[in-house]
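Each chain gets a letter, A, B and so on, in the order the sequences are listed, and its residues count up from 1.
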2 protein chains.
Amino acid sequence: MIDQKKPDTKQRLLDGALAAVREHGVSGTSARTIAAAAGVNQALVFYHFGSVDDLLGAACRQATEQRVAHYADRFAAVTSLRELLQVGRTLHAAELAQGNVSVLAQMLAAAQSNERLAEPIRATFALWTGEIETVLRRVLTGSPIAEVADVPGLAQAISAAFVGLELFEGVDAAGGRRSMEAIDQLAVLVEVMDELGPLATRVLRSKIKKRL
Amino acid sequence: MIDQKKPDTKQRLLDGALAAVREHGVSGTSARTIAAAAGVNQALVFYHFGSVDDLLGAACRQATEQRVAHYADRFAAVTSLRELLQVGRTLHAAELAQGNVSVLAQMLAAAQSNERLAEPIRATFALWTGEIETVLRRVLTGSPIAEVADVPGLAQAISAAFVGLELFEGVDAAGGRRSMEAIDQLAVLVEVMDELGPLATRVLRSKIKKRL
DNA sequence: GTCTATAGTAGGATAGAC
DNA sequence: GTCTATCCTACTATAGAC
């Protein structure tokens, strides 16, 4: 926040942390593997970040910020749910090629029983949900879906589902792709729903009344 | 598979492994913590299972088998997507109350960079997807969705998404519930789609043609 | 700020007594 | 099959020289 002219050790550690998670997984990541990836001394992890967990949290957050910023214009250009999914798939493919398929996902898993990691991960996750929420709100304007859906909740659900898919793909690549295709097909349904317009809206409303 | 009359040490280790993951998370789970939870000696982990990873894989598999069996009749009674989701939510709530919200999810994360863990986890995951696939195939019979959707792929996507939601809920309980609600609302849409029947089917088909 | 060295701890795994 | 004892490795974290 204060000094922007130090892309040195501190930044190398942040990058090294991500590299370590990519290569060894969260459980295989330590101050030593991070330092090795960063090409710096192991003790500097503690000097600059206090603990491994704090470094991991910071690294995850920074990386996500950059990633979100990098995709901001693409998100802004989205005009339909399928396009949103398309951006998601592109993003996913890029992460995959870059090797950090599931860095956030693994952090999320590690955060389950690590309160020190949980807070930064929550914040990181919120960066994604925020972005998606904005898109959803714009895309769903005038759609019957907007009348039923809790947009923030939906944004969280989408983000969470995406994380699950990343984890699954990490263990079963073919299955992951297939799942993605299946969701894409489902998105067609939602669009059809939108195109039905007034009729769907009417049926929808009555359906909702029954439900409440 | 051979001896069913030994609910002793081996079983205690299997249970202890799950207990350890529940309590300490995957990263905090070791032969020692497992043995402590099981009330047996640490060396027995290696005598009976060879390695901690093998024990974890076996434990996850067995637990999932039991869980799937326990919910088999409830799955069999499902007649709509919303009911499927309802069963999913019940199941989720039960897991939550029992404390093993995200055992499978955490295993999946750990398996990302651990081939020894990956294979059993893949198999375990397949138990869930298989169950869901059966339900989907039955529920979607005659539905326009069935004509678009790759059912096995969809089953995998649903399972994976569920895992993601579990991880999210583990870090943000309120957010997790809200996501679940949002999905529930979306499910209404799908049902409306089904009820539209012939019209939707027609629109759907033309939409698909455009897409291909 | 960065390095070496090291204390202290915990974990995987095995040997060997029982 | 189960336990004790133990080896070795790897980790977090700090102290102190530079």
Checklist entry - dG1(C) C1' sits how many Å from Arg12(A) CZ, rounded? => result 14 Å
Checklist entry - Is the backbone N or O of Val171(A) less than 3.5 Å from a side-chain atom of Arg122(B), with the two atoms forming a donor-acceptor pair by type? => result yes
Checklist entry - Choosing from dT2(C), dG12(C), dC3(D), which nucleotide comes nearest the side chain of Leu44(A)? => result dT2(C)
Checklist entry - With under 30° as parallel and over 60° as perpendicular, where do the rings of Phe75(B) and Trp128(B) fit, or are they tilted in between? => result perpendicular
Next on the checklist: Need one value for Val52(B): base, sugar-phosphate or nothing, where a base atom within 4.0 Å counts as base even if backbone is also close, heavy atoms only.
Outcome noted: sugar-phosphate
Checklist outcome for this item: Looking only at dT2(D), dC11(D), dG12(C), the nucleotide nearest the Tyr47(B) side chain is dT2(D)
Checklist entry - Taking CG from Asn41(A) and C1' from dG16(D), how many angstroms apart are they, rounded to a whole number? => result 13 Å
Next on the checklist: What is the separation between atom CG on Leu55(A) and atom C1' on dC11(D), rounded to the nearest whole Å?
Outcome noted: 15 Å
Next on the checklist: Output the rounded distance in Å from CZ (Phe46(A)) to C1' (dT6(C)).
Outcome noted: 14 Å
Checklist outcome for this item: Of Gln62(A), Arg61(A), Arg67(A), the one forming a side-chain hydrogen bond (donor to acceptor under 3.5 Å, both in side chains) with Glu65(A) is Arg61(A)
Next on the checklist: Between Val163(B) and Phe168(A), is there a side-chain heavy-atom distance shorter than 4.5 Å?
Outcome noted: no
Checklist entry - Do Ile158(B) and Thr129(B) touch side chain to side chain, with heavy atoms closer than 4.5 Å? => result no
Checklist entry - Whole Å only: how far is the NE2 atom of His48(A) from the P atom of dT14(D)? => result 15 Å
Checklist outcome for this item: Separation of dG8(C) atom P from Gln42(A) atom CD, nearest Å, is 17 Å
Checklist entry - Can you tell which of dT4(D), dT6(D), dC11(D) lies closest to the side chain of Arg32(B)? => result dT6(D)
Checklist entry - Just how far, in rounded Å, is P of dT2(C) from CG of Asp8(A)? => result 7 Å
Next on the checklist: Using whole Å, what does the distance between atom P of nucleotide dG12(C) and atom CG of Asp53(B) come to?
Outcome noted: 9 Å
Checklist outcome for this item: Which of dA13(D), dA15(D), dG11(C) is nearest the side chain of Ala43(A)? It is dA15(D)
Item to check | Distance below 4.0 Å between Thr9(A) side-chain N/O and dT2(C) OP1 or OP2 | outcome: yes
